[in-house]
Amino acid sequence: MGSAIDNLNTVRDEIAAAETDAGRDAGAVTLVAVSKTFGVERIQPVVDAGQRVFGENRVQEAAGKWPELKQVTPDLSLHLIGPLQTNKVKQAVGLFDVIQTVDRPKLAKSLANEMEKTGLWPDCFIQVNTGEEPQKAGVLPADIDGFVAECRDVLQLPVAGLMCIPPVDEDPSPHFALLAKFAQRNGLAGLSMGMSADFQTAVMLGATHVRVGSAIFGARDKPL
Ligand SMILES: *Cc1c(COP(=O)(O)O)cnc(C)c1O
């Protein structure tokens, strides 16, 4: 692997090529650079290279590095892409610009309360367990329409789209296609899907956000 900046430029070029191949507009896809496990000293050069959208999967870890990074570069946008416990909602609403992992009614209610209280309204994505894996977070396909309606119409959360993490050992394409179908059926524009191994496929199938970590920052030492 090259430097994170070389890698970033390669990933950008690959996204642009996939947009063209898919007949989509240039810039239709937002690259979320996933910086989990990496420290400020590894992230700052990527910010300096012009990247503005980042993803973290732990609230606590993000709280330890992003206030400092955001102070230097106020137009950064930080996405939460990992599980959110209700006792971390207050912290998450204060820190993240987008919360991609809304996956259960209790969490949705807690987010709605906190947003009402603070007047901060981070965009929300609803995480869908497209592979119906028992150990994985996300709303089951059968429950999506009801959950979207509850979040959007009853709780008035700013629901921007859907997010999925396909099963590791399967072709992701059917999962991406399924997520796109669910989003369209619910009138949602946002589709967060595709990681280092499969972001081009996700762009072909309509992703608006791809979450790319190791292809930019290199392999992570710590297990997830
Ligand atoms: C870590 C992570 C990613 C990035 O994975 P890579 O394979 O390193 O690109 C994307 N999405 C989620 C939810 C993650 O936890």
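Read the numbers this way: they start at 1 and go in the same order the structure lists the ligands and their atoms. For this chain, numbers begin at 1 and follow the sequence in order. What's counted below: heavy atoms across the whole structure, side chains too, no hydrogens, waters or symmetry copies.
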Next on the checklist: Any atom of ligand 1 sitting under 4.0 Å from a heavy atom of Arg220?
Outcome noted: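 Right, Arg220 reaches ligand 1.
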
Distance-only donor-acceptor pairs under 3.5 Å for side chains of residues 152-181, two or more places apart:
| residue | atom | partner | partner atom | Å |
| --- | --- | --- | --- | --- |
| Arg152 | NH1 | Asn186 | O | 2.8 |
| Arg152 | NH2 | Asn186 | O | 3.1 |
| Gln156 | NE2 | Asp153 | O | 3.1 |
| Glu170 | OE1 | His175 | NE2 | 2.8 |
| Asp171 | OD1 | Ser173 | N | 2.9 |
| Asp171 | OD1 | Ser173 | OG | 3.1 |
| His175 | ND1 | Thr130 | OG1 | 2.9 |

Item to check | Arg42: salt bridge (charged side-chain N to carboxylate O under 4.0 Å, His left out) partners, not counting sequence neighbours | outcome: none

Item to check | Ring geometry between His209 and Phe125 (parallel below 30°, tilted from 30 to 60°, perpendicular above 60°) | outcome: perpendicular

Next on the checklist: Assess whether a salt bridge exists between Lys70 and Asp97, defined as any Lys/Arg side-chain N lying under 4.0 Å from an Asp/Glu carboxylate O.
Outcome noted: yes

Next on the checklist: One thing to verify: whether Glu41 and Lys65 come together as a salt bridge, which I'm taking to mean a side-chain N less than 4.0 angstrom from a carboxylate O.
Outcome noted: no

Checklist entry - Do any nitrogen or oxygen atoms of Gly213 come within less than 3.5 Å of a nitrogen or oxygen of ligand 1? => result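 So ligand 1 has an N or O lying under 3.5 Å from an N or O of Gly213.
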
Next on the checklist: Between ligand 1 and Ser196, is the shortest N or O to N or O distance under 3.5 Å?
Outcome noted: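 So ligand 1 has an N or O lying under 3.5 Å from an N or O of Ser196.
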
Next on the checklist: Given Arg211, His79, Lys36, identify the one with the heavy atom nearest to atom 2 (C) of ligand 1.
Outcome noted: Lys36

Checklist entry - Of the listed options (Ile81, Ile216, Val34), which comes nearest to atom 12 (C) of ligand 1 when hydrogens are ignored and any heavy atom counts? => result Ile81

Item to check | Atom indices of ligand 1 within 4.0 angstrom of Ile165 heavy atoms, with elements | outcome: 13 (C)

Item to check | Sub-4.0 Å atoms of ligand 1 with respect to non-hydrogen atoms of Val212 | outcome: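 Once the distances to Val212 are compared, the set is 9 (O).
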
Checklist entry - Does atom NZ of Lys90 have more than 12 heavy-atom neighbours, drawn from other residues, nucleotides or ligands, at distances under 6.0 Å? => result no

